[in-house]
Structures are given as structure tokens and as C-alpha cells.
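The structure appears below as C-alpha cells.
Every value quoted in this text rests on a predicted model; they were computed, and no experiment measured them. Hydrogens, waters and symmetry mates play no part in the numbers below; they use all other heavy atoms, side chains included.
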Amino acid sequence: MKWYDKAVFYHIYPLGLCGCKKENNGEKEQHFDKLTQWSDHAAELGFTAIYIGPLFESEGHGYETRDYKQVDCRLGTNDDFKKYVAHCHEKGMHIIVDGVFNHVGRTFPAFQDLLKNRENSAYKDWFCNVNFGGNNEYNDGLSYENWGGYNLLVKLNQRNPEVKSYLFEAIKFWIDEFDIDGIRLDVAYLLEKNFIRELRKKTDSFKKNFWLMGEMIHGDYNTIVSPEMLHSATNYELYKGLYSGHNDKNYFEIAYSLNREFGDYGIYKNINLYNFVDNHDVNRIATMVANKKYLNNIYTILFTIPGIPSIYYGSEWAIEGDRKISDLNLRPELFLEDFENDIDAKNIEKFISNLI
């Protein structure tokens, strides 16, 4: 069995956990000592892998990448991250990071060159649907395809051989420099399928047993998960039923999802999906349940169904978080010592550790 097929993941959103500045103005911070302490905490509970990200130099929340080869200066340095990975490996834990390959931030050097040199830019074909006759709220004198309607996220042209070569080289750098063990592909449902196939071939050649997991919010997971594509995908289809089935006393909803996915005729019975009850993009599970007494049931299901279980940092203590106001509510700064003497929190933590 491969390491990732028997892994139990602890998910960290580092910019939030460490209380980093919301905007990257170039001011350097140092937080890998704290991240190391949290990884030790995860190891003590029994977790065998950590998904940490976004990590690389960005403009704000981390998904507007500025530099794929530089750890975000609000977290620390490349050398800090290298030591962090080595420490986690010594603890017996594997490390995967965010791969944000669908889009970049506006300060990405190739995009800045496009803004400066326009039709004469060597990078004009690096981005999708650039229109030099258009405009936008930044008054660029051009328009381009973005992600989610946000022009701060510029869509990369994954069909461009130069773009693919650039991204593959960046991944090789991550493996050679930091010795990471896998990548979680942001908005994998939007990535070009041929790009994913080439990515799998490349990473298979870069490092043995390197794991690729894609963010899949909707649609058929079989479109991106296969022996030639990704190893796994986020199981959003099951996620909703785990809390609403308890809230509504509609356990048929949970049973239906499990049979549809993993039953004798299940459409994903041959895929090891990445299962979760919350993450950095959805409300905390303790906020979603009508009664926290359901948490033990929900976590028991999470750890006993087919697939790879994941716990989002802080949810081992049933902290709450609602994104109605801001995603920042889902990504808070936390301190281990604040939970040391919280009996209720420690009971849930122990329950999860026993499940592991």
C-alpha cells in the first residue's frame, strides 16, 4: 500500500494560523517555529501527513501567486521551509503543498511584462483571452480571462508549451529543493485535462510515489482521477450529507451518498477520495451541526468510510467559523496553549486521536 492510501491528513492554512499580514508588502516575518510546533502536535495525535498551503510568494490570501520558487516572506524563507519538511519527515509525516496552476496574481512578472509591453510582450500568449481592445477596473487598457470574475486572479494558458514547461520546472524545484511528497491542485476542475496528464507523467519521473490530489467541488471525479491523471480528489459530494444528514435526522442522505460512491456498483469504488468535514473554504463543522453531540458520529463516519480522512486545523477542538462575513473567519490565528486546559476541546481531540 502506498503511503497516501493509508495517510491521515492534518490540513493547515499557514497565513491564517500564523496571523500573517493580510497584504504582502514585502515585510519579512518568521513563523516556521510555530508551524513546526503545530506539526509536532499533529504527529502526537497520530496524523501521518500534512497538507499545508498556500505557501509561495503571493499578494494576499495566497492564491494570487507572485513567485512559484519563493516561500511567502510573511511565513519565512525557503531554507526555513526546507528544514520544516525535513523535521516532518523525521516525525514520519509526509508533506503536500498547494499547486495554484490555473491562475496567478497581477504582480506575477510575466503579467507585469504584458501590461508594460502589450502586443510586444513575449508573454502575451501565457494568459487566456487577452484582448488589447478591452479594459477593466484597473484601467489596464486590455482585458483577460480570470478566475471567478476576479481580475486579481489572471488565468494561465495551460495549453501554451512555455507555460507548461515553466510550471513543471517549478514543481521539480519544489521536489529537489524541499523534498515535498505531493501537491493539492487548486481548482483542478478547471485545469486542462492534457495538462493534468502531462503533470502526472512529469511528477512520476521526478519522485517515486509522488501524490497528486485535485480540488473538485462539483462534477464527476473520474474526469480528473485515473491511473494517467490524478490519484485523488476532494470529496465534496459526501461532505454536505455528513452534517445535514444529522441535522435533519435524514441518515438516508448519508447512506445514499456512500452507496453511490463506494457501494457494489459505486462510481468511485476504485478511487481513494480525500474526505473531509471542513476546510479553508467552507464553514467549520462545529458551526454547521445543529448540536455538537453529533460531532463524534460525524468523525466516526469520516474515519471508517473508504478514502483518506483529513482534519482542518482547530477542528480537532470543535472551534467554529462562518464565512458569511469573510473567509478569514475560517482561517483564524490560533495558539496551542489556548486549548491546553479546555476540557471539552480536549475530549474531542482525544476522540479523534483514538479514531486515528
Side-chain angles (χ1 to χ4, degrees), residues 1-11 47-56 65 68-69 71 78 81-82 84-86 88-90 92-104 126 156-216 219-235 267-275 306-310:
M1 184 179 285
K2 308 292 188 186
W3 70 264
Y4 42 79
D5 288 325
K6 57 183 177 181
V8 183
F9 272 91
Y10 192 74
H11 173 192
F47 290 92
T48 63
I50 290 179
Y51 155 36
I52 182 170
L55 273 172
F56 298 101
T65 311
Y68 284 94
K69 292 187 177 181
V71 169
N78 282 15
F81 181 51
K82 183 176 182 178
Y84 170 82
V85 175
C88 290
H89 284 167
E90 289 175 2
M93 294 187 293
H94 292 80
I95 300 292
I96 72 164
V97 302
D98 261 313
V100 188
F101 304 139
N102 180 71
H103 48 263
V104 294
W126 275 45
L156 283 171
N157 179 10
Q158 296 138 28
R159 297 181 179 181
N160 186 322
E162 292 181 2
V163 172
K164 288 190 286 187
S165 178
Y166 174 85
L167 293 175
F168 295 154
E169 201 275 328
I171 294 168
K172 189 174 189 304
F173 174 83
W174 297 351
I175 294 172
D176 292 345
E177 185 70 13
F178 307 122
D179 197 24
I180 62 168
D181 303 295
I183 296 172
R184 175 261 192 191
L185 297 168
D186 186 56
V187 295
Y189 52 92
L190 293 177
L191 297 176
E192 292 285 338
K193 301 301 185 290
N194 285 334
F195 172 78
I196 293 177
R197 291 187 184 93
E198 290 184 53
L199 174 64
R200 175 65 179 268
K201 288 181 180 178
K202 290 288 185 179
T203 54
D204 280 350
S205 69
F206 292 159
K207 185 175 183 177
K208 185 178 180 181
N209 294 330
F210 194 81
W211 190 59
L212 296 175
M213 184 267 288
E215 180 189 22
M216 194 75 172
D220 184 354
Y221 303 144
N222 289 304
T223 61
I224 64 167
V225 179
S226 75
E228 295 76 35
M229 300 177 79
L230 306 184
H231 298 87
S232 184
T234 53
N235 193 359
I267 58 176
Y268 305 129
K269 66 178 183 179
N270 296 318
I271 297 177
N272 223 5
L273 293 174
Y274 184 86
N275 299 323
I308 302 165
S310 173

Original post:
Would you say the side chain of I267 lies within less than 4.5 Å of the side chain of Y221, judging by non-hydrogen atoms?
Top reply: no

Original post:
Backbone N or O of K2 within a donor-acceptor pair of the N209 side chain at under 3.5 Å?
Top reply: no

Subject >> Within-4.5 Å side-chain heavy-atom neighbours: H103 and V100 >> reply: yes

Subject >> Full working for side chain to side chain contact (heavy atoms under 4.5 Å, CB included) between N272 and H231 >> reply: CA-CA 8 Å; N272 223 5; H231 298 87; over 6 Å; no

Original post:
Does the side chain of K207 come within less than 4.5 Å of D179's, by heavy atoms?
Top reply: yes

Original post:
Can you list the steps and then say if F178 with N78 is a side chain to side chain contact (heavy atoms under 4.5 Å, CB included)?
Top reply: CA-CA 8 Å; F178 307 122; N78 282 15; 3.7 Å; yes

Original post:
Just wondering, do Y68 and V104 contact through their side chains at under 4.5 Å, heavy atoms?
Top reply: yes

**OP:** Indicate the ring-plane relationship of F56 and W174, choosing parallel, tilted or perpendicular according to the 30° and 60° boundaries.
**Re:** parallel

Original post:
Can you find a heavy atom in the side chain of E198 that is under 4.5 Å from one in the side chain of E192?
Top reply: no

Subject >> Non-hydrogen side-chain atoms of N222 and Y268 separated by less than 4.5 Å >> reply: yes

Subject >> Minimum-distance pair of heavy atoms, taken over all atoms of D220 and T223 >> reply: O-OG1, 2.7 Å

Original post:
For P309 and A7, which heavy atoms make the closest approach, and how far apart are they?
Top reply: CD-O, 3.6 Å

Subject >> Nearest heavy atoms of V71 and F81, plus distance in Å >> reply: CG2-CB, 3.8 Å

**OP:** Return yes if some donor-acceptor pair links the side-chain N/O of N275 with the main-chain N/O of P306 below 3.5 Å, else return no.
**Re:** yes

**OP:** Evaluate the criterion side chain to side chain contact (heavy atoms under 4.5 Å, CB included) for residue pair T234 and M213; output intermediate values, then yes/no.
**Re:** CA-CA 7 Å; T234 53; M213 184 267 288; 3.6 Å; yes

**OP:** Please work out whether the ring planes of H94 and W3 are parallel, tilted or perpendicular, with thresholds of 30° and 60°.
**Re:** parallel

Subject >> R184 and E215: CA distance, side-chain angles, deciding distance, salt bridge (Lys or Arg N to Asp or Glu O under 4.0 Å) verdict >> reply: CA-CA 7 Å; R184 175 261 192 191; E215 180 189 22; 3.4 Å; yes

**OP:** Measure across G214 and A188 and return the closest heavy-atom pair with its distance rounded to 0.1 Å.
**Re:** CA-CB, 3.6 Å

**OP:** Give the minimum heavy-atom separation between C88 and I50, together with the two atoms involved.
**Re:** SG-CD1, 4.3 Å

Original post:
Angle class for the F9/W211 ring planes (parallel below 30°, perpendicular above 60°, tilted otherwise)?
Top reply: parallel

Original post:
Any idea which heavy atoms bring A233 and M216 closest together, and the distance?
Top reply: CB-CB, 4.0 Å

**OP:** Go through the steps to decide whether K202 and I171 satisfy the test side chain to side chain contact (heavy atoms under 4.5 Å, CB included), and finish with yes or no.
**Re:** CA-CA 9 Å; K202 290 288 185 179; I171 294 168; over 6 Å; no

Original post:
Quick one: CZ on F195 to CG on L185, what's the gap to the nearest 0.5 Å?
Top reply: 7.5 Å

